[in-house]
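Remarks on the structure that follows.
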Amino acid sequence: MQDNIKQPLQQFMLQLADNLLVMGHRNSEWTGIGPIIEEDIAFASIAQDQVGQAWNLYQLLESNFGFAHPDQVAFTRNEKEFYSSHLVEQPTGEYDFSLARHYFYDLAQLLRYEMLSHSSYEPLAKLAKKFHGEVKYHVFHAQTWMKQLMDGNEVSKARMQSAVNEVFPFALGAFESVEGEEVLIAEGIFEGESTLKDAWMQQVGAQLLEWGYSLPQLAQPVLGGGKGYHSEFLQPLLDEMGEVFRLDPSAEW
Amino acid sequence: MKIKSLDPRINRIQIDADTENPQAMLHPLENWPTYEVFHQKKRGTHHEHVGIVHATSSELALAFAKEQFARRGETVNLWVVKSEDMMATDYADADVFATTPEKSFRDPASYSVKDKIDQWVAKQKNHAG
């Protein structure tokens, strides 16, 4: 593979994997303290799916792009070398915040995998097809809650609307192009973040209105994660996530 | 004093810590209705009752059933139905079933037809020959 394709492609997959790993880790923080036991289990499974998808992508980076072992890549880099968005690194907050983020994130992920399932880079297309069913469920789960709580009482409506408003600028910032994206587009590898964002906006707008939400103000997207610039929340998460691994990086698991 | 727990579900129901016999009062929003879950392993086979989930709508019940009862092994389909919509016989009326085991005439195993079938097969062969 030529360098001018390889570079943006591996960066694109690394960013995708980093987002999944950080999102999965954040969502896993609800394990054991979810609002009811059934939801606890469902949300923990979703978090596991996301970490699993990240693992698959890191593995592909190892086998086809000469990266280190997935554990090494996941647990030993610091925030400057992480390319995840500000959306996924925000603290879990209350359940309303986590649900709104879950909805925005997984809907984007579903559309992303639908696009990538036609990717000219065969190994990535294969993974996208494999992950599609998992994310279809994530979206069904998120949408059911988003609808349900907007259909609840005054408290649930107010809290969900304000969670949506709060998450929205971060969600808009989760479509950050990698350098050299135009090559990926030209090669038929990925249609590009801006095309994806348009498709996502269309669905988000229609769905929120249908469920009785007011559309959040078009805010300035919170960008920078894709370039390694993060809020104060990422490094503590990475410290915690890699804590056990770094005790003895050579340990056999 | 209320019991303080790491689990917000416990804190939410405000259990008295002072009494020897702490009691929790569940309010309607804390105590969701149950849905019966039926699981189908392969297309064309029957759905099997596997348990219940607590949910506030049948959609949410499906979302929960998927992870409670279909996160391991094979699944092609799930049904949920509100428990209160199930009609059931009363255990007090279980005597309506009492004599069923005696009615062996309803059990195909109590008829021996193997001889007759063999005879018929033999006859067909003779005809053909």
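All values below come from the heavy atoms of this structure, side chains included, with hydrogens, waters and symmetry mates left out. Throughout, protein chains are lettered first and strands after them, A, B, ... in sequence-line order, and every chain is numbered starting at 1.
- Although no hydrogens or angles enter the test, the distance criterion places a donor-acceptor pair under 3.5 Å between the side chain of Q68(B) and the main chain of E38(A).
- Within a 6.0 Å radius of NZ in K126(A), other residues, nucleotides and ligands contribute 12 heavy atoms or fewer.
- In this structure, the side chain of Y137(A) engages the main chain of A63(B) through a donor-acceptor pair within 3.5 Å.
- In K2(B), the NZ atom is crowded: over 12 heavy atoms of neighbouring residues, nucleotides or ligands sit closer than 6.0 Å.
- For I37(A), the parts lying under 4.5 angstrom from a heavy atom of chain B are both the backbone and the side chain.
- Here CG of L60(B) is found 7.0 Å from CD1 of I36(A). Values are rounded to the nearest 0.5 Å.
- What you find for E67(B) and I41(A) is that their closest heavy atoms are O-CG2, 4.1 Å.
- Within 6.0 Å of atom CG in L6(B), 12 or fewer heavy atoms from other residues, nucleotides or ligands are found, so the atom counts as exposed in its surroundings.
- Atom NZ of K42(B) sits in a sparse spot, with 12 or fewer heavy atoms from other residues, nucleotides or ligands closer than 6.0 Å.
- Residue E39(A) touches chain B through both its backbone and its side chain, counting heavy-atom pairs closer than 4.5 Å.
- Listed options A44(A), G152(A), A42(A) were ranked by heavy-atom pairs under 4.5 angstrom with chain B; first place goes to A42(A).
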Query - K66(B) vs F140(A), side chain to side chain contact (heavy atoms under 4.5 Å, CB included): CA-CA, chis, key distance, verdict - result: CA-CA 11 Å; K66(B) 192 259 177 191; F140(A) 170 67; over 6 Å; no
